[in-house]
Protein chains: 2
Amino acid sequence: MSRWQPNARGRLEQAALDLYSERGFEQTTAAQIAERAGLTERTFFRHYADKREVLFGGAHLLQELFVNTLADIPESAAPIDAMASTLETVADAVFLERHEHSRQRQAVIAASAELRERELIKLASLSAALAATLRRRGVDDQAASLTAEAGIAVFKVGFEGWVGGNGEHTLADFLRESLEELKAVAAGAGRRKN
Amino acid sequence: MSRWQPNARGRLEQAALDLYSERGFEQTTAAQIAERAGLTERTFFRHYADKREVLFGGAHLLQELFVNTLADIPESAAPIDAMASTLETVADAVFLERHEHSRQRQAVIAASAELRERELIKLASLSAALAATLRRRGVDDQAASLTAEAGIAVFKVGFEGWVGGNGEHTLADFLRESLEELKAVAAGAGRRKN
DNA sequence: AGAGGCCATGTCAGTCACTGTCATCGACCG
DNA sequence: CGGTCGATGACAGTGACTGACATGGCCTCT
């Protein structure tokens with residue numbers, strides 16, 4: 001019999017997501033999350049640097065997956081194709097079974113400006129890491145930054161479409177569509193309505 | 001003789017930028033900013049919703065300028081060209097005489113994760129406003145989002161180059177270069193080093 | 001000119017995010 | 001069995017931010 005229940009982090013994350021969903025992020029105190037998880041406020045802040053971070057615990061692993069996936073693609077591929085392939089691979093590896101979970105999580109984030117800020121800086125960090133990986137593959141500085149930023153833009157737009165959809169199409173489907181649209185736009189052929 | 005010195009907001013902004021530069025954002029308290037501006041902490045928070053916002057007072061006006069500029073471009077222009085033109089027009093209207101000021105401000109922001117978060121959400125807001133403007137011009141939803149995101153990416157990369165440069169070239173110069181690079185990247189021709 | 005309202009600011013008390021410090025106590029190691 | 005370690009608790013403190021109310025020049029209306 002151990003002194004504490006196991007998986008403190010997991011309990012904190014679950015309690016936080018539930019409370020943020022029920023009453024909103026701003027209306028939830030760290031002490032309430034800790035209490036629901038059977039811990040104290042002080043312990044909450046030992047596991048997470050701040051109230052928002054508890055929703056982004058997986059971001060580091062996700063970024064690693066992105067970077068490793070991109071690094072494993074043959075350097076013969078054009079940067080934009082390497083990015084496209086990376087996005088699709090990660091989408092299939094992580095987001096195939098998570099439509100409902102992603103939807104709930106995204107709803108919570110969208111409802112709070114503070115959480116949106118945190119999500120944006122995570123995406124910026126991801127973009128910087130992808131750009132650095134492209135540079136290691138021999139891509140020019142500026143081209144690497146722009147390829148990574150474009151990839152993130154494609155991901156944002158595709159993800160938004162996927163989360164708002166009914167689950168009939170996979171995230172990878174949305175990403176392919178989004179990438180094609182970006183190529184069309186960059187070529188000066190932005191699509192008109194209808 | 002009026003009861004208070006005029007231009008409270010301006011004094012607060014100057015005091016904040018100075019203090020953030022001198023001792024860093026986290027090491028500066030709102031009370032210190034207010035004191036240097038000859039006001040109280042409470043008054044600081046009457047003018048700015050939080051400690052970060054004092055550095056972003058002009059963002060709303062800048063966004064308006066972007067949107068109005070884009071809205072004034074003939075609808076016959078391709079979306080990406082309208083975006084490109086908008087970026088250059090704004091660059092020449094606002095950032096011609098501000099190289100040193102932009103450099104100092106950007107250094108302060110880059111030094112603080114919290115300030116970077118705030119900057120990212122301002123850029124996201126700008127992107128959303130530009131996308132909405134493109135939609136009003138008859139551009140398809142997804143194409144509008146991607147054109148706006150691409151424009152912001154071009155702006156980020158160009159701005160970074162300009163701020164890091166010696167002032168020989170204008171921001172508009174950097175933006176043109178960045179846009180060309182994005183077009184090359186999207187076409188599958190990302191530039192290699194050297 | 002005088003009355004009254006307006007509005008930017010001051011004052012003060014309160015909540016909550018987050019931190020530093022020290023105590024506790026089961027687990028594990030030798 | 002004694003000692004160390006690691007996760008947690010307890011508690012006090014700082015600083016961001018808010019709500020409520022007071023103050024006193026300034027403007028308007030008469």
Side-chain angles (χ1 to χ4, degrees), chain A residues 1-57 108-109 111-119 121-122, chain B residues 1-57 108-109 111-119 121-122:
Chain A
M1 191 64 199
S2 77
R3 193 172 167 199
W4 300 287
Q5 298 301 314
N7 194 24
R9 284 179 73 95
R11 269 150 49 217
L12 286 170
E13 288 181 17
Q14 189 61 52
L17 183 58
D18 290 348
L19 285 168
Y20 292 171
S21 290
E22 288 169 20
R23 55 176 77 178
F25 173 80
E26 279 85 6
Q27 271 55 55
T28 304
T29 71
Q32 291 165 352
I33 299 170
E35 188 189 352
R36 182 171 295 201
L39 295 164
T40 63
E41 187 187 12
R42 189 66 184 88
T43 297
F44 175 92
F45 286 111
R46 283 204 182 90
H47 284 279
Y48 298 99
D50 60 54
K51 233 179 102 183
R52 312 178 220 173
E53 199 62 18
V54 67
L55 283 192
F56 296 89
V108 169
I109 292 175
S112 154
E114 288 187 55
L115 289 174
R116 265 178 281 136
E117 286 189 340
R118 181 54 51 87
E119 170 156 70
I121 209 170
K122 295 291 181 187
Chain B
M1 191 63 200
S2 75
R3 192 170 168 199
W4 300 287
Q5 299 302 312
N7 195 23
R9 284 179 72 95
R11 270 151 49 219
L12 286 170
E13 288 181 17
Q14 189 61 52
L17 183 57
D18 291 348
L19 285 168
Y20 293 170
S21 290
E22 289 169 21
R23 55 176 78 180
F25 173 80
E26 278 86 5
Q27 272 55 55
T28 303
T29 70
Q32 290 164 353
I33 298 169
E35 188 190 351
R36 182 170 293 201
L39 295 164
T40 63
E41 187 188 13
R42 189 67 182 87
T43 297
F44 176 92
F45 286 111
R46 283 205 182 89
H47 284 279
Y48 299 99
D50 60 55
K51 233 179 102 183
R52 311 176 223 175
E53 199 61 19
V54 68
L55 284 192
F56 297 89
V108 169
I109 292 174
S112 154
E114 288 188 54
L115 290 173
R116 265 178 280 136
E117 286 190 340
R118 181 55 49 89
E119 169 156 71
I121 208 169
K122 295 291 182 189

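Sequence lines set the chain letters: A, B, ... in the order given, protein chains first and strands last, and positions in each chain run from 1.
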Over how many whole Å does the gap from [X] atom [atom1] to [N] atom [atom2] extend?
X: A/D50; N: D/dC17; atom1: CG; atom2: P; result: 13 Å
X: B/Q27; N: C/dT19; atom1: CD; atom2: P; result: 12 Å
X: A/Y48; N: D/dA7; atom1: OH; atom2: P; result: 14 Å
X: B/W4; N: C/dT11; atom1: CH2; atom2: C1'; result: 14 Å
X: B/E53; N: D/dA16; atom1: CD; atom2: P; result: 16 Å
X: A/R52; N: D/dA16; atom1: CZ; atom2: P; result: 15 Å
X: B/L12; N: D/dA16; atom1: CG; atom2: C1'; result: 16 Å
X: A/Q5; N: D/dG9; atom1: CD; atom2: P; result: 11 Å

>> Given D/dG25, C/dA17, C/dG26, identify the nucleotide with an atom nearest to the side chain of A/R3.
In response: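 Among the listed nucleotides, the one closest to the side chain of A/R3 is C/dG26.
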> Rounded to the nearest 0.5 Å, what separation is found between the OG1 atom of B/T29 and the CG atom of B/L19?
Replying inline: 8.5 Å
> Nearest 0.5 Å, what's the CG-CG distance between A/L17 and A/L12?
Replying inline: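 Those atoms lie 12.5 Å apart.
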> Can you list the stems that DNA chain D is part of, where a stem is at least 3 pairs in a row, each Watson-Crick or G-U, with both distances below 3.5 Å?
Replying inline: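 Stem segments, range with range: C:1-30 with D:1-30.
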> Any side-chain N or O of B/H47 less than 4.0 Å from the OP1 or OP2 oxygen of C/dA8?
Replying inline: no
> Among pairs that include at least one residue of residues 11-27 of chain A, which meet salt bridge (Lys or Arg N to Asp or Glu O under 4.0 Å), considering only residues two or more places apart or in two chains?
Replying inline: A/E22-A/R36
> By a strict heavy-atom criterion of less than 4.0 Å, which residues belonging to residues 35-46 of chain A are in contact with DNA chain C?
Replying inline: A/E41, A/R42, A/F45, A/R46
> How is B/A8 classified with respect to the nucleic acid when contacts are heavy atoms under 4.0 Å: base, sugar-phosphate, or nothing?
Replying inline: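 The residue B/A8 makes sugar-phosphate contact but no base contact.
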> Do the side chain of B/T43 and the main chain of B/L39 share a donor and acceptor less than 3.5 angstrom apart?
Replying inline: no
> Do NZ/NE/NH1/NH2 and the carboxylate oxygens of A/R52 and B/E117 come within less than 4.0 Å?
Replying inline: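 Result for this pair is yes, salt bridge flagged.
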> Is a salt bridge present between A/K122 and A/E53, judged by a nitrogen-to-oxygen distance below 4.0 Å?
Replying inline: yes
> Can you tell if the side chain of A/F25 reaches within under 4.5 Å of the side chain of A/I109, non-hydrogen atoms only?
Replying inline: no
> Could you walk me through whether A/R118 and A/E114 pass the side chain to side chain contact (heavy atoms under 4.5 Å, CB included) check?
Replying inline: CA-CA 6 Å; A/R118 181 54 51 87; A/E114 288 187 55; over 6 Å; no
>> side chain to side chain contact (heavy atoms under 4.5 Å, CB included) for B/K51 and B/Y20? Distances and angles first, verdict last.
In response: CA-CA 10 Å; B/K51 233 179 102 183; B/Y20 293 170; 3.6 Å; yes
